[in-house]
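Accompanying notes for the structure given below.
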Amino acid sequence: MIKQLAKSIREYKLPSLLSPLFVTLEVIMEVLLPSLMADLIDKGVDKGDMDYILKTGLILAGVAFAALAFGALAGKFAAQASAGFAKNLRHDLFYKIQDYSFANIDKFSTSSLVTRLTTDITNVQNAYQMMIRVAFRAPFMMIFAMIMSFSVNAQLSWVFVAFIPFIALALGIVIKFAHPIFGRVFKTYDKLNNIVQENLHGIRVVKSFVREEHEVEKFGKISDLIYKDFSKAEKIVAFNMPVMQLSVYLCILIISWIASHQIVGGTMTTGELISMMTYVFQILMSLMFISITMVMITMSKASGDRIAEVLTEEIDLKNDAEPLTLVKDGSIVFDNVSFSYTKSMDKLCLKDISLKIKSGETVGIIGGTGSSKSTLVQLIPRLYDVTEGKITIGGEDVRRYDIEALRDSVAMVLQKNVLFSGTIKENLRWGKADATDEEIIKVCRQAQAEDFIEHMPDKYDTYIEQGGTNVSGGQRQRLCIARALLKKPKILILDDSTSAVDTKTDRMIRKAFLEEIPDTTKIIIAQRVSSVEDADKIIVLDKGMINAVGTHEELLKTNKIYQEVYYSQQKGSEENG
């Protein structure tokens with residue numbers, strides 16, 4: 001895990017090294033201060049030597065100022081290194097997710113990935129800052145202060161050495177019991193994020209069904225679970241501070257008692273006692289900081305493991321060793337294709353699919369809910385890989401193509417039409433970044449979107465809210481179709497993408513396809529028979545298998561499923577009419 005995360009330090013290696021360096025210099029200065037103070041008291045104040053007092057006082061001031069300067073520099077570089085490390089980590093994590101297949105994303109879930117990109121990275125950032133500053137300062141302070149204390153009075157120094165095993169045992173107990181709880185808490189955070197995301201995404205449904213109370217209760221249960229786990233973990237961690245304070249005060253009492261006898265006996269001076277007390281505080285405070293750092297690292301270890309899990313995830317869709325970058329045409333062949341989301345042959349969504357589609361053909365797909373219509377078309381641009389068999393486009397296995405080149409040749413308008421916050425032009429240019437205004441107007445005309453855009457206040461510069469909430473479902477569908485057409489794809493897939501438009505607009509869109517993009521292979525998944533009746537061939541899917549293939553007239557004569565769909569829709573139309 002550490003090795004994987006360390007790769008994200010990159011250009012922040014220098015600040016990461018400078019921070020411990022200045023911390024070390026700061027510690028050296030601070031450790032010198034008690035010794036200089038002892039000399040000031042014993043050799044200057046007690047003897048009334050003003051010259052020595054002035055000289056030593058100036059040295060003390062210089063050392064204190066140097067400690068301050070080194071501490072400030074250490075803090076500056078630690079903040080720069082930790083913030084930069086977190087920035088790189090977020091970049092690496094987000095960049096890795098962009099390469100994920102749908103299967104990889106399904107494995108982690110969206111809410112879990114969001115938690116890892118936010119809460120987990122913040123925890124790791126805080127731990128990293130403590131590691132390159134406090135984790136260096138505390139051990140060095142303890143070692144240097146211990147060396148100085150032994151040089152002043154070895155007998156007293158053994159007192160706090162005796163307390164170290166007791167403190168280490170208490171710290172070990174805290175880490176052992178707290179770490180599993182923190183690991184569990186972050187998994188619960190994933191569930192909390194999922195509830196929030198789901199609620200905000202479906203807020204209109206929640207309000208229309210008056211389910212606010214139910215959603216609040218659901219959120220409250222998860223929030224309460226996080227509270228209980230965190231409370232339990234914090235109670236364990238809180239045990240650390242009383243142990244440290246007990247150790248500090250016991251040390252001070254024992255050392256004061258022994259030192260008082262030594263001062264009376266003349267074997268120890270007042271200055272030496274003051275310096276010993278300072279070194280005791282430095283050593284025990286160092287141990288306290290070490291314990292706090294260890295607790296922070298324990299908490300962040302769970303986050304680090306979760307981040308590393310994403311970074312090391314094996315992406316199941318990879319480019320061929322020598323990928324093809326040119327898709328010749330839009331011809332498609334399914335050769336005995338079977339597919340399972342779980343990769344198990346016992347849980348197949350598609351079974352023995354064999355199909356040939358010529359370049360430029362219009363193909364309709366009809367089938368009941370759960371017949372795997374969307375799954376079938378998602379295999380074409382390799383959003384998933386086949387479990388068995390193969391798919392060829394332009395005469396080549398899709399796995400031989402460079403993924404980016406393949407997907408650039410295939411435009412998909414999915415069931416869930418997504419628009420991003422930005423103007424209409426900005427959304428459409430997802431299809432082609434350098435598209436001219438003329439090209440944008442042309443595809444909008446083909447998608448029957450020009451008319452409603454022209455009636456908008458800012459026309460093509462109209463701002464689209466996040467998720468396209470300020471346009472209707474039909475308008476959103478037409479904008480997504482226009483965006484897909486802007487790619488000038490060899491294959492255009494419409495996955496139930498005209499369900500929210502009226503039959504007249506649907507017919508005009510199909511007419512535009514026929515006239516404007518005759519060489520593009522068009523695959524149309526639809527619930528309405530009228531959306532596919534003009535297709536060159538229609539595929540009837542049933543339970544993940546091809547039930548029949550033919551033209552509208554052929555299927556109307558021979559296929560029972562197609563007949564049922566057609567006549568039920570005809571009857572519905574007559575009743576509505």
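Taking the side chain as every heavy atom from C-beta outward, Pro323 and Arg400 never approach each other to under 4.5 Å. Inter-residue side-chain proximity for Phe144 and Ile28 is flagged as met; some heavy-atom pair is nearer than 4.5 Å. Using a 4.5 Å heavy-atom cutoff, the side chains of Val398 and Ile380 are not in contact. Looking at Leu32 and Met29, their side chains come closer than 4.5 Å, going by heavy atoms from C-beta outward. Within the 4.5 Å cutoff, the side chain of Ile97 has heavy atoms near those of the Leu113 side chain. Inter-residue side-chain proximity for Met148 and Ser35 is flagged as met; some heavy-atom pair is nearer than 4.5 Å. A 4.5 Å side-chain heavy-atom check between Leu311 and Asp92 finds at least one atom pair inside the cut-off. In this structure the side chain of Thr375 reaches within 4.5 angstrom of the side chain of Phe339, judged on heavy atoms.
Between His91 and Tyr95, the angle of the ring planes stays under 30°, which puts this pair in the parallel group of the 30/60° scheme.
Around NZ of Lys432, the count of heavy atoms belonging to other residues, nucleotides or ligands within 6.0 Å exceeds 12. At most 12 heavy atoms of other shown residues, nucleotides or ligands fall within 6.0 angstrom of atom NZ in Lys221.
Between the side chains of Asn88 and Glu11, at least one donor-acceptor pair of N or O atoms lies under 3.5 Å. Ser409 and Tyr401 share no side-chain donor-acceptor pair at under 3.5 Å. For Asn123 and Ser303, the side-chain atoms include at least one donor-acceptor pair closer than 3.5 Å. Tyr341 and Lys347 share no donor-acceptor pair across their side chains, judged by distance under 3.5 Å alone.
Between the Lys487 side chain and the Arg407 main chain, a donor and an acceptor come within less than 3.5 Å of each other. Remark: the backbone N or O of Ala74 is paired with a side-chain donor or acceptor of Ser19 at under 3.5 angstrom. Judged purely by atom type and a 3.5 angstrom limit, Arg429 has no side-chain atom pairing as donor or acceptor with the backbone of Ile424. With hydrogens and angles disregarded, no donor-acceptor distance shorter than 3.5 Å links the side chain of Arg133 to the backbone of Ala78. In this structure, the side chain of Ser223 does not engage the main chain of Phe219 through any donor-acceptor pair within 3.5 Å.
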*Is there a side chain to side chain contact (heavy atoms under 4.5 Å, CB included) between Val63 and Glu30 once you walk through the steps?*
CA-CA 8 Å; Val63 171; Glu30 288 187 11; over 6 Å; no

*Mind running side chain to side chain contact (heavy atoms under 4.5 Å, CB included) on Arg116 and Arg90 for me, showing each step along the way?*
CA-CA 9 Å; Arg116 294 169 204 239; Arg90 272 190 293 270; over 6 Å; no

*Would Phe85 and Gln125 satisfy side chain to side chain contact (heavy atoms under 4.5 Å, CB included), going step by step from the backbone distance to the final call?*
CA-CA 7 Å; Phe85 170 58; Gln125 176 184 348; 5.6 Å; no

*Go through the steps to decide whether Thr423 and Ile464 satisfy the test side chain to side chain contact (heavy atoms under 4.5 Å, CB included), and finish with yes or no.*
CA-CA 5 Å; Thr423 65; Ile464 300 292; over 6 Å; no

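A distance of 11.0 Å separates CG in Leu117 from CZ in Arg306, rounded to the nearest 0.5 Å. Atom CG in Leu18 sits 9.0 Å away from atom CG in Leu73 (nearest 0.5 Å). Residue Tyr12 holds its OH atom at 13.0 Å from CZ of Phe77, rounded to the nearest 0.5 Å. Remark: Ser16 OG to Met131 CE distance equals 10.0 Å, nearest 0.5 Å. For the atom pair CG of Leu324 and CG of Asn319, the computed distance is 10.5 Å after rounding to the nearest 0.5 Å. Considering OG of Ser421 and CG of Asn427, their distance stands at 8.0 Å, rounded to 0.5 Å.
When all heavy atoms are compared, the tightest approach of Thr312 to Ala308 is OG1-O, 2.7 Å. Considering every non-hydrogen atom in both Ala405 and Thr325, the closest pair reads CB-O, 3.5 Å. Of all non-hydrogen atoms in Ile132 and Ala81, the two that sit nearest each other are CD1-CB, 3.7 Å. Minimum heavy-atom separation, Gly304 to Leu5: CA-CD1, 3.9 Å. Taking all atoms of both residues into account, the shortest heavy-atom contact from Gln80 to Pro15 is NE2-CG, 3.9 Å.
For Asn126, the side chain to side chain contact (heavy atoms under 4.5 Å, CB included) partners are Thr122, Met296, not counting sequence neighbours. Among residues two or more places apart in sequence or in another chain, the salt bridge (Lys or Arg N to Asp or Glu O under 4.0 Å) test is passed with Arg399 by Asp397.
Salt bridge present: Arg382 and Asp385 bring a charged side-chain N and a carboxylate O closer than 4.0 Å. Looking at Arg137 and Glu26, a side-chain N of the basic residue comes within less than 4.0 Å of a carboxylate O on the acidic one, giving a salt bridge.
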